Amino acid sequence: RGPATADVIYGTEGAIVVEPALAEPPRTPEAVAAYRARVLADRNLRGLVVSEDGRAGAIALKLAAWADAPSAVTAIERAARGFEGPEALYLAGEPVLRSEIAATMVADLQRLVPFVVLVMLGVLWASFRRARGVLLPLAVVLLSALWALGTMALFGQPMTPFAVIMPVMLIAIGAADGIHILNAYNEAAARGGTRRQVVLAAMREMASPVVLTSLTTAAGFLALLSALIWPQRSLGWVTALGVLYAMALSLTLLPALLARLPLPKAPNTPFANSPLARALAGMGRVVAWRPAVSLGLAIAVLLGFAAAVPGVRIETQPDEFLGPQHPVIRAMHVMDENFGGSLQMAIEVRTGRRDGLKDPEVLKRIAALGEFLMAQPEVGQVSSIAKVVMQLHETLRASDPAYYRVPDDPRLAAQVLILYSGDLDNLANGDFSRGEVLARVRDLGSDEMIALVARVQAYLDEHFAGEVEAEMVGSVRQFAALVPLISNSQLTSLALSLLAAFAFVALMMRSLAGGALSVVPLAFTLVIAFGAMAAGGLALDMATLMLGSVAIGIGVDYAIHFISRFKAERARGDARAAYDATLRTTGKGIAFNALALMLSFGVLVLSQFQGNVNFGRLIVLTMAVSAFSAMTVIPALCMVFNPKFLSQATWVERASRAPGAPKEHG
């Protein structure tokens, strides 16, 4: 249906004529003017297939149920471009949206994965300056990513815009275990010993943190199983499995390879004099000097960001994820400007009886509903069977505008519909027992959409109670209904992620205080991240909805590694000495790991999905805050309160000291 094929209605002396707007192409200026006047004079076409000013036209196509949408869209666009002249051509609609998303996903994968591999190569080289320091962790992350993708294929999980970031996340996250293990390996090698002794010493130190951080990270992703849409649930369990793959490889393949390689002939470039070491040492002196003051400053920052958190917007519209410059979104804006809106609200009217829609009283209620909808500023155009009847009635009365109304005589209302030879499309079913009122709605923010749906629902509840029922359906209602679901999903996933992190750490450290201490930096991170979202105008949408679970799952690693090393150092001396030693050792690994993650997730700014770009930026922020708070807030709390669990052994440490534990042999 378009400007040439849509039916126009007009009357003659003896009949109502319904015919295509354009029987043949106009060949003279007079014929063009007549065609233009005929189309613009038709109330049912103006604003639907031609814009009010006559400068834009719309052609609506309906794909067959068996059609392959991407192939059909490609063929339609190719055909349309062949007729393109100086006019701008836009393609919009759900099949176009799906096709564009599929093409963008392929382009994103081809672009992002090589970039994140290059970034990881650079970070690993900067960290270790040796081939083994680059190749071994990279082998672990690439294998875990490949195994995760293979698992997706094995279980028939399709790629989605969210799954595009899964390889990026696994490459970034999977390197963390390798960085910490190699860091411990280099420290053990510097102390001396055989290859076996060095590897066993490194793994004895790192087994507990690696297992614990991997389990908590996997639990953070599994919290996405509570998400409201299945692509996020799929991303959650597949990424969690990929994290566990990386853990298994780090605990088996990595030490096996290290045991076969010769020990480093010389220590790495001295870390003590590097800018990073000096920065960590300076930070440590400030915190150790006044731990209570440091806590007070951290709390003040937390409260400042917390004040902004209520301003976080929740958006369900595709333009939040795709971005305003995406071709589909630009086409939607054109529809908004010229054809009353790019979204559709449908209201199904059910009479419960054959020919119920021909009843003048029912038609008048439908017409009144249409007038109510048109009075809403968000609605640009309304179609209904009542409008068709009103136009036919007017045409029968010599096009007198006074008769643009539903006739009172039931027989006349039925007769005008019999006279109508056009297609009623979705406005009525075959026996006229039910029909639909279709309203085009402009692209709205979620708050505006919720308000519109509430007003329309209140009208339906008041005017369609009884025999004639009306129910709102369509994309507008769906988008509005998603908003509270997103809010609830975010709260649920955050609660599950925090609870899982707390439970794992508390169980393995045999201390509730240890579990609580590990989630303190996470609370700081979440508050600052959501406060920054509100301040920066970023919405909580389908992509950023994953932020909390991912930030908790990854960020808890820093807390676990820091607490584990600080706990071991605290057994050898006082808290300040333990803090200094932890910063010089594990602090280095945390800093490099955070840098690796920040640079790797920063690659997402190259994505063609605006949602992934926003997600990448926010994850970079959360990694920086998580690492910094783990190395400042945790030691400040430990020095102020001196929790008892610091002197207790974890179950892994107890197992390693048990009589049957492996001994070191040359």
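All heavy atoms count here, side chains included; hydrogens, waters and symmetry mates do not. Note that the coordinates shown come from a computational prediction; the quantities given were computed from them, not determined experimentally.
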* Asked: Do we get R365 above F464's six-membered ring, with its NZ or CZ under 6.0 Å from the centre and within 45° of the axis?
  -> yes

For [Y], does its backbone N or O pair with a side-chain atom of [X] as donor and acceptor, under 3.5 Å?
X	Y	value
T216	V556	no
H393	V406	no
N429	F432	yes
R313	M533	no

* With sequence neighbours excluded, residues passing salt bridge (charged side-chain N to carboxylate O under 4.0 Å, His left out) with R78 -> none

* Go through the structure and list residues passing salt bridge (charged side-chain N to carboxylate O under 4.0 Å, His left out) with R354, not counting sequence neighbours. =>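 Per chain and number, R354 pairs via salt bridge (charged side-chain N to carboxylate O under 4.0 Å, His left out) with no residue.
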
* Examine the side chains of T525 and T622 and answer whether a donor and an acceptor come within less than 3.5 Å of each other. => no

* Can you list the steps and then say if E436 with V349 is a side-chain contact (heavy atoms from CB on, under 4.5 Å)? -> CA-CA 6 Å; E436 284 192 329; V349 178; over 6 Å; no

* side-chain contact (heavy atoms from CB on, under 4.5 Å) between D359 and R353: does it pass, once the steps are laid out? -> CA-CA 10 Å; D359 184 337; R353 53 192 172 89; 2.9 Å; yes

Which atoms form the tightest heavy-atom contact between [X] and [Y], and what is the distance?
X	Y	value
P407	V389	CD-CG1, 3.8 Å
A331	L91	CB-O, 3.2 Å
V379	A439	CG1-CB, 4.1 Å
F609	D108	CD1-OD2, 3.4 Å
S433	T351	O-OG1, 2.6 Å
L357	G435	CD1-N, 3.6 Å

* Using a cut-off of 6.0 Å, state whether more than 12 heavy atoms not belonging to R55 lie near its atom CZ. =>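 No, the 6.0 Å shell around CZ holds no more than 12 heavy atoms from other groups.
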
* Asked: Would R350 and E467 satisfy salt bridge (Lys or Arg N to Asp or Glu O under 4.0 Å), going step by step from the backbone distance to the final call?
  -> CA-CA 8 Å; R350 298 184 292 267; E467 289 186 9; over 6 Å; no

* Return the set of residues passing side-chain hydrogen bond (donor to acceptor under 3.5 Å, both in side chains) with S384 (not counting sequence neighbours), or none when no residue passes. =>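 S384 satisfies side-chain hydrogen bond (donor to acceptor under 3.5 Å, both in side chains) with no other residue.
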
* Under the side-chain hydrogen bond (donor to acceptor under 3.5 Å, both in side chains) rule, collect the residues that match up with T217, sequence neighbours excluded. =>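 Only D557 meet the side-chain hydrogen bond (donor to acceptor under 3.5 Å, both in side chains) criterion with T217.
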
* Please step through side-chain contact (heavy atoms from CB on, under 4.5 Å) for the pair F221 and L241, ending with a clear verdict. => CA-CA 9 Å; F221 283 106; L241 197 58; over 6 Å; no

* Could you walk me through whether M472 and R477 pass the side-chain contact (heavy atoms from CB on, under 4.5 Å) test, one step at a time? => CA-CA 7 Å; M472 191 179 354; R477 183 184 178 184; 4.2 Å; yes

* Could you list the residues that satisfy ring pair (Phe, Tyr, Trp, His ring centres under 6.0 Å) with F372, not counting sequence neighbours? =>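 In terms of ring pair (Phe, Tyr, Trp, His ring centres under 6.0 Å), with neighbours along the sequence ignored, F372 is linked to Y459.
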
* Check ring pair (Phe, Tyr, Trp, His ring centres under 6.0 Å) between F305 and all other residues, then give those that pass, not counting sequence neighbours. =>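 F305 satisfies ring pair (Phe, Tyr, Trp, His ring centres under 6.0 Å) with no other residue.
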
* To do: Identify whether the distance between the nearest side-chain nitrogen and carboxylate oxygen of E371 and K364 falls below 4.0 Å.
  =>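 Salt bridge: no.
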
* Asked: Under 4.0 Å between a Lys/Arg side-chain N and an Asp/Glu carboxylate O for R434 and E469?
  ->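 Looking at R434 and E469, the cut-off is not met.
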
* State the CE-CG distance between M374 and L369, to the nearest 0.5 angstrom. =>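 Atom-to-atom, M374:CE and L369:CG are 12.0 Å apart.
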
